[in-house]
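Just below is one structure, and these are the notes that go with it.
All heavy atoms count here, side chains included; hydrogens, waters and symmetry mates do not.
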Amino acid sequence: MTTESTAGPSYVPTKWYKPEKPVVSDDAVLKVYNTLTHSKVEFVPIEAGKVKWYSCGPTVYNPSHMGHARNYVSIDINRRILQDYFNYDVEFIQNVTDIDDKIILKARHEWLFDEFVKGCGGSVNDSVVSEIESAIAEYIEKNIGEDFTGQVCDFNKWSEGIDLKEAAVNKPKLPMHIKAVKSAIDAVSNKENMPFDALMNAVKDVVVEKLDSEKGSTVTDHSIFRKCSAYWERQFDEDMKKLNVMPPTVVTRVSEYVPEIVAYVEEIIRRGYAYVTRDGSVYFNTGKFDHSNEHQYAKCQPWSKGDIALVADGEGSLSNAAAGKLSPNDFALWKASKAGEPFWDSPWGPGRPGWHIECSVMGSDFVGDKMDIHSGGIDLAFPHHDNEMAQSEAHFECKQWVNYFLHTGHLHIEGQKMSKSLKNFITIDDALEKYSSRELRMVFALVPWNSPLDFKESLVREGRSVCATLDRFFSKTRALQRERELSITNDNTENGFPKKFLEPERTLYNELSRSKTAVHRALCDNLSTAIAIRALLELVNASNVYLAQRSDESGSVRVDLLAEVTRYITRMLSVFGFRVRDDKMGWIEEGEGKDSSESHSREAIAMPFVQILSGFRDAVRTAAMNSESFEELKRVIMERCDRVRDDELLSVGVAVDDRKDGSGALIKFLTAAEKRELEAQQQERARERANKAERAERARLAREREEAERRERARVPPEMLFQDKSLYGSWDSDGLPLTDASGVELSKSSRKKLAKQLAAHKKLHEAFKKEEENTK
């Protein structure tokens with residue numbers, strides 16, 4: 001197809017041939033693993049170029065742990081790839097759950113225990129001890145029960161015979177309960193020698209349950225619950241900053257959406273998919289929804305449908321099991337509040353939102369009846385996410401509220417599920433004491449985001465090895481880049497740096513192109529950062545091979561090509577969420593400020609001085625290897641020391657004044673004016689040295705001319721000295737003139753003068769012959 005351009009009457013129209021659209025193969029199309037299909041499917045957003053994404057946020061009542069880190073960092077990497085690599089405009093919505101059974105219990109426990117501690121008055125008397133011992137007994141009966149058949153005083157002896165690891169197989173929480181009881185018993189037994197605060201901390205886990213059973217219903221102030229969730233929400237935000245997780249586009253908080261939740265539940269009731277129980281709770285009718293021709297229940301994990309244990313866990317420990325549910329599979333949309341729980345008014349009486357409804361309402365507020373992506377940990381797939389979809393599709397009477405469900409895989413610690421009772425529960429703060437944020441992100445990036453991740457030392461070592469390999473490469477390419485820039489600055493020329501690509505350069509350039517293709521295909525294939533990073537490492541290896549090939553050819557490395565490789569690798573690391581330098585020549589060094597403008601300030605400040613030191617070392621080292629005498633080495637060292645003082649340090653604003661008292665030189669950092677003044681003085685001294693050197697050179701040349709003339713005269717044999725016939729007419733046997741050219745006999749005084757000259761010349765000639773013989 002051709003298109004003719006318009007032109008003036010005196011021009012022949014240009015024929016333009018429209019390029020054919022490139023054919024994109026199927027494996028270059030972005031595909032993601034979708035839990036709804038349990039397969040990788042092509043990603044097609046609802047609106048071209050835009051992605052509406054809802055991600056389940058934290059339930060804020062405890063420190064964030066490594067499971068949270070794996071989930072939120074992995075989701076962050078996926079989000080960045082879609083946004084910064086595939087160039088989608090991503091609207092990322094994430095909630096904060098600040099109304100929940102766990103939060104209610106934690107807030108009550110914290111408040112009641114604080115009141116208990118205040119009531120102790122800073123000491124442990126008999127009354128306090130009695131209350132603690134009573135709490136221990138109740139705790140054992142409630143949480144250990146039939147497993148323990150002895151007396152409280154025999155508990156430690158009994159527990160020594162328990163294999164905690166084996167006990168955890170069938171009763172995962174049993175080791176945790178045993179540990180809590182032992183801690184309390186030991187504290188009471190050692191009360192006389194134990195600081196008050198330490199004792200209170202040791203008995204807290206067992207005491208709070210007794211306090212809650214006795215006084216939990218008296219805690220009614222909403223601010224108590226809000227204070228607890230607000231504190232842990234702030235801690236979560238701080239943890240995400242430390243991990244360099246991008247903040248959401250929109251953050252929603254359940255407590256701020258209660259009116260919308262009530263209205264949403266009313267609509268589900270109106271459509272016939274929910275019912276009100278006698279206590280004022282509202283439940284979703286899973287049976288009616290699932291039997292509808294238009295709907296399907298449990299899309300993420302249909303095999304979990306009917307798993308009562310999972311359903312009960314999703315309902316929370318404060319749910320009223322006897323509220324009048326039609327089916328054990330039904331779940332709460334609205335929970336009637338009991339004494340000691342926060343509540344809001346509703347058409348069904350005072351209550352609070354169920355866990356699952358919150359995400360439906362807050363997500364729908366921004367995406368309506370359809371979203372592109374919903375994400376969260378795989379442990380949320382059922383019942384939480386399946387319930388979310390069911391109630392949302394019931395509310396909108398739509399068939400598919402979510403198009404793509406991205407679930408991150410489970411995290412285990414050394415092959416075991418993370419658990420406080422197994423002592424492998426790692427908070428994010430704990431992890432960051434041992435590992436850097438970069439290392440954690442690298443570890444997560446090296447494992448497919450939707451696969452289980454076993455956080456073990458071998459994987460950490462692999463992540464550290466990758467980071468170290470990239471560190472070494474970045475340091476090397478930056479050093480070469482600085483060397484090149486410094487040479488250009490000093491010589492004001494690039495003539496010393498070849499530009500033409502020869503075979504080694506073409507090989508590396510082709511490797512860069514292949515790496516880009518490999519990375520693109522990896523990211524299209526389910527956002528596979530593990531494969532992409534290995535492709536980048538292969539590019540680093542190819543660059544190192546290239547440097548090794550060019551190592552014996554001074555000045556032959558094409559630094560601009562290596563810089564291009566480095567910038568590409570840096571760009572991809574930035575896409576994966578690693579903090580990178582402003583100059584795009586690597587990532588920010590660990591321990592430096594979060595502001596990337598600070599990332600290479602240390603190098604920028606130190607480099608001129610390091611360059612001077614390195615140059616001095618090179619000169620002295622070369623002289624030490626090549627000097628034939630100590631005097632020659634001494635001369636080189638002194639000359640180089642003067643050059644460092646007079647030229648190089650002054651050029652970076654430092655004056656070094658030698659002192660005669662034997663102490664070290666005085667070091668002064670100069671102002672701009674002082675630097676200009678000293679430079680002017682140095683230039684004047686340099687001119688004086690140049691003039692002196694010029695005079696010395698002229699004198700040397702004069703001496704050389706005189707010596708050459710002397711040697712030329714000395715070369716003449718004595719008998720030939722006075723053989724000029726224009727002056728003399730006859731000579732004696734020694735060559736001494738007798739008469740002048742006209743035949744007149746020379747006077748006696750003239751002959752005497754010539755004889756002296758001849759005698760002196762004889763000595764000069766003899767010396768010349770000896771020099772010649774010695775030379776031979």
Side-chain angles (χ1 to χ4, degrees), residues 60-66 102-103 105-144 148 150-160 162 164 167-168 173-216 219 224 227-232 234-236 238-239 413 418-434:
V60 283
Y61 70 101
N62 255 339
S64 303
H65 52 68
M66 281 295 290
K102 297 183 181 71
I103 297 171
L105 287 171
K106 179 66 177 287
R108 285 199 322 222
H109 289 176
E110 293 292 331
W111 188 83
L112 290 169
F113 190 73
D114 286 347
E115 294 297 304
F116 172 76
V117 171
K118 290 177 186 176
C120 292
S123 63
V124 181
N125 54 34
D126 291 343
S127 175
V128 172
V129 170
S130 176
E131 193 162 354
I132 294 172
E133 290 176 340
S134 174
I136 293 172
E138 289 185 19
Y139 189 93
I140 292 173
E141 182 179 358
K142 176 182 176 183
N143 297 298
I144 301 176
F148 175 65
Q151 299 295 317
V152 172
C153 58
D154 298 325
F155 187 88
N156 282 350
K157 184 176 180 180
W158 168 82
S159 64
E160 289 172 0
I162 301 295
L164 297 181
K173 293 185 178 182
L174 182 61
M176 178 183 68
H177 294 317
I178 291 175
K179 181 181 177 182
V181 172
K182 286 183 66 177
S183 173
I185 291 174
D186 291 345
V188 172
S189 301
N190 198 34
K191 62 181 182 298
E192 302 297 336
N193 303 315
M194 203 169 187
F196 176 76
D197 289 344
L199 189 148
M200 288 294 103
N201 189 58
V203 304
K204 180 177 180 179
D205 287 345
V206 298
V207 169
V208 292
E209 289 206 7
K210 183 174 189 295
L211 294 175
D212 191 67
S213 66
E214 293 176 348
K215 304 176 182 179
V219 182
I224 293 173
K227 179 182 177 182
C228 175
S229 61
Y231 173 81
W232 291 112
R234 288 193 299 272
Q235 296 303 114
F236 172 82
E238 287 300 313
D239 287 338
I413 307 293
M418 188 168 59
S419 167
K420 287 182 180 179
S421 59
L422 296 176
K423 298 183 180 180
N424 65 347
F425 182 90
I426 304 176
T427 68
I428 290 176
D429 269 345
D430 290 339
L432 290 175
E433 287 291 323
K434 189 174 182 181

Q) Looking at CG of Leu211 and CG of Leu112, how far apart are the two atoms once the value is rounded to the nearest 0.5 Å? A) 6.0 Å

Q.
Quick test of your reading: applying ring pair (Phe, Tyr, Trp, His ring centres under 6.0 Å), list the pairs with at least one residue in residues 120-139, sequence neighbours left out, ordered by first then second residue.
A. Tyr139-His177

Q. Rounded to the nearest 0.5 Å, how far apart are CE of Met66 and CG of Asp430?
A. 10.5 Å

Let me check something: any side-chain donor-acceptor pairs from residues 120-131 under 3.5 Å, sequence neighbours excluded? List them with distances.
from	atom 1	to	atom 2	distance (Å)
Asn125	OD1	Ser127	N	3.1
Asn125	OD1	Val128	N	2.8

Q: Give a yes or no on whether the backbone of Val60 and the side-chain of Trp232 come within a donor-acceptor separation of less than 3.5 Å.
A: no

Q: Quick one: list whatever passes side chain to side chain donor-acceptor pair (under 3.5 Å) with Glu214, sequence neighbours left out.
A: Lys210

Q) NZ of Lys106 to CG of Asn62: how many Å apart, nearest 0.5 Å? A) 3.5 Å

(Q) Going by salt bridge (Lys or Arg N to Asp or Glu O under 4.0 Å), name the residues that satisfy it together with Glu138, two or more places apart in sequence or in a different chain. (A) none

List, one per line, each side-chain donor-acceptor pair under 3.5 Å for residues 191-206, sequence neighbours excluded.
from	atom 1	to	atom 2	distance (Å)
Asn193	ND2	Asn190	OD1	3.2
Lys204	NZ	Glu110	OE1	3.2
Lys204	NZ	Glu110	OE2	3.0

Q. Can Glu133 and Val188 be said to form a side-chain contact (heavy atoms from CB on, under 4.5 Å), step by step?
A. CA-CA 8 Å; Glu133 290 176 340; Val188 172; 4.0 Å; yes

Q) Rounded to the nearest 0.5 Å, what separation is found between the CH2 atom of Trp111 and the CD1 atom of Ile224? A) 5.0 Å

Q.
Measuring from atom NZ of Lys182 to atom CD1 of Ile185, what distance do you get when rounded to the nearest 0.5 angstrom?
A. 9.5 Å

**Q.** Separation between CD1 of Ile426 and CE of Met418, rounded to the nearest 0.5 Å
**A.** 7.5 Å

**Q.** Partner residues of His109 under the ring-ring contact (aromatic ring centres under 6.0 Å, His included) criterion, sequence neighbours left out
**A.** none

